[in-house]
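Counting starts at 1 for both ligands and their atoms, in listed order.
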Amino acid sequence: MVWRGVIDKYRKYLPIGRNAEVVTLNEGNTPLVHATKISREVGSNLDVYLKYEGSHPTGSFKDRGMTVAVTKAVEEGCKATICASTGNTSASAAAYSARAGIKSIVIIPKGRIALGKRAQAMIYGALVIEIEGNFDDALRIVREIGEKYPVTIVNSINPYRLQGQKTGAFEVCDQLGGKAPDYHALPVGNAGNITAYWMGYPEYKAAGKVPSTPVMLGFQAEGAAPIVRGHPIQNPETVATAIRIGNPASWKQAVNAANESGGLITAVTDEEILTAQKMIASLEGIFCEPASAASVAGILKLSRTSYFNSGEKKTVVCTLTGNGLKDPNIVERQAQAPTILPADTQKVVEFIGL
Ligand code: AN7
């Protein structure tokens with residue numbers, strides 16, 4: 001079957017009109033990879049799979065929601081989209097808006113988004129505004145503009161975004177052969193994705209596609225963990241700039257996802273995030289961005305407690321939300337720099353130790 005994106009594949013679960021002109025980049029159908037070595041690392045009773053959302057057209061999971069949000073925006077006659085972003089939403093909004101032939105306005109925190117993401121919004125032709133503030137300031141401005149002016153907000157407060165993102169859960173179930181995992185782990189920033197997955201799994205169960213739903217595990221960065229602390233964080237800080245968010249829009253829904261599924265939302269440190277990022281790359285061959293690695297950092301952390309000690313073998317899916325290539329600067333901080341040698345074969349051979 002030819003793959004034509006998540007609306008084509010899961011249309012009956014999505015609020016898309018019969019005559020809608022679908023705006024797609026053939027997103028979805030991302031790899032679900034068994035993580036052999038990380039499974040070993042977390043102990044014998046866990047089978048860990050990585051859902052690599054970094055392989056999307058704009059390099060993050062945001063494309064699942066953006067195809068639906070922009071398709072609806074066009075259907076409703078909108079001429080411009082607007083979003084606040086830590087980088088991935090803006091990259092995706094800019095790309096899908098370009099595809100639809102409508103204007104894209106993106107508001108990002110100055111100096112605090114990864115290089116590749118900033119470049120994406122620019123090359124797709126968005127009107128890029130950097131504010132002297134953080135993501136939460138940017139989202140406040142976007143909400144205020146959206147209330148007064150004829151622009152469509154494509155942050156996850158737009159309900160169509162979450163509708164599209166829930167297809168991530170459908171795909172995981174399909175890829176596991178008609179089963180939901182026992183646990184689903186993911187990073188939490190603005191908390192839209194965990195909310196969307198927790199819409200998707202119960203919906204797929206209700207449709208008779210899977211017999212069960214997973215326990216949802218959400219992980220925030222220690223310095224940007226408002227849900228864990230129980231109050232908004234004024235100046236969130238983390239190396240994982242994608243989830244540097246102090247007042248998540250889908251806060252209540254995320255707590256609800258954790259509670260209803262019997263799961264939890266907890267924090268991981270920047271050091272744990274970077275260690276996990278390195279492990280995922282060097283042990284499994286997948287380069288994800290730091291925020292994505294919070295999911296794996298989280299299950300590594302829980303596996304060191306008695307959390308997973310149930311005896312029987314359990315399946316865990318970790319969503320790797322974005323591509324590591326977006327944030328190359330971070331690698332300089334944690335991987336060994338290349339060795340510089342003269343252009344001399346003998347010297348190279350000696351250095352390698354052959
Ligand atoms: C790689 O792009 O909020 O909890 O503005 O880029 O659904 O917000 C990005 C979030 C995880 C958190 N991983 O997801 C934005 C933005 C990556 C991300 C998250 C984001 P949500």
Side-chain angles (χ1 to χ4, degrees), residues 30 51-56 58-66 69 82-95 106-109 112-114 116-118 120-121 126 134-139 142 153-158 161-162 164-166 168-169 185-200 216-221 224-228 236 238-251 253-255 257-258 265 268 273 276-277 280 287-298 318-327 330:
T30 57
K51 179 67 170 160
Y52 187 41
E53 296 283 274
S55 76
H56 267 120
T58 79
S60 86
F61 72 98
K62 305 286 182 181
D63 293 353
R64 292 185 185 279
M66 209 55 74
I82 189 168
C83 67
S85 186
T86 56
N88 279 325
T89 295
S90 47
S92 188
V106 313
I107 304 191
I108 53 178
R112 304 310 290 260
I113 81 166
K117 300 175 187 177
R118 187 168 174 275
Q120 284 182 288
N134 61 27
F135 170 83
D136 302 290
D137 297 318
L139 186 57
V142 162
I153 299 176
V154 292
N155 280 103
S156 56
I157 54 177
N158 176 329
R161 275 278 312 281
L162 299 189
Q165 280 173 217
K166 76 184 178 188
L186 65 178
V188 174
N190 215 21
N193 214 24
I194 191 169
T195 302
Y197 270 95
W198 189 243
M199 286 163 54
M216 302 300 295
L217 306 173
F219 301 100
Q220 299 199 292
I227 298 176
V228 180
T238 167
V239 67
T241 53
I243 51 173
R244 185 171 166 265
I245 294 174
N247 192 12
S250 300
W251 186 320
Q253 297 91 315
V255 170
I265 297 177
V268 288
I273 287 173
Q277 184 193 25
I280 299 161
F287 183 21
C288 68
E289 63 173 288
S292 306
S295 57
V296 171
C318 296
T319 300
L320 300 183
T321 44
N323 196 309
L325 292 170
K326 286 169 175 273
D327 195 359
I330 210 73

Less than 3.5 Å between some nitrogen or oxygen of Ser90 and one of ligand 1, yes or no? no
Answer yes or no: does an N/O atom from Thr86 fall short of 3.5 Å to an N/O atom of ligand 1? yes
Nearest heavy-atom pair of Ala224 and Pro236: which atoms, and what distance? CB-CB, 3.7 Å
Taking every non-hydrogen atom, the tightest pair across Leu139 and Ala249: CD2-CB, 4.3 Å
Short N or O distance, Ile245 and ligand 1, threshold 3.5 Å exclusive: no
When only distance counts, is Gln165 in polar contact with ligand 1, meaning an N/O pair under 3.5 Å? no
Could you pull out all residues at least two apart from Arg64 that satisfy salt bridge (Lys or Arg N to Asp or Glu O under 4.0 Å)? Glu53, Glu171
Answer yes or no: does an N/O atom from Ser292 fall short of 3.5 Å to an N/O atom of ligand 1? no
Closest non-hydrogen atoms of Gly87 and Ile113, given as atom of the first, atom of the second and distance, are CA-CD1, 4.0 Å
Applying a heavy-atom cut-off of 4.0 Å, say which part of Ile243 lies close to ligand 1: side chain, backbone, both or neither. side chain
Any atoms of ligand 1 less than 4.0 Å from a non-hydrogen atom of Asn193? List them with their elements. 7 (O), 21 (P)
What atoms in ligand 1 come closer than 4.0 Å to a heavy atom of Asn88? 1 (C), 2 (O), 6 (O), 17 (C), 18 (C)
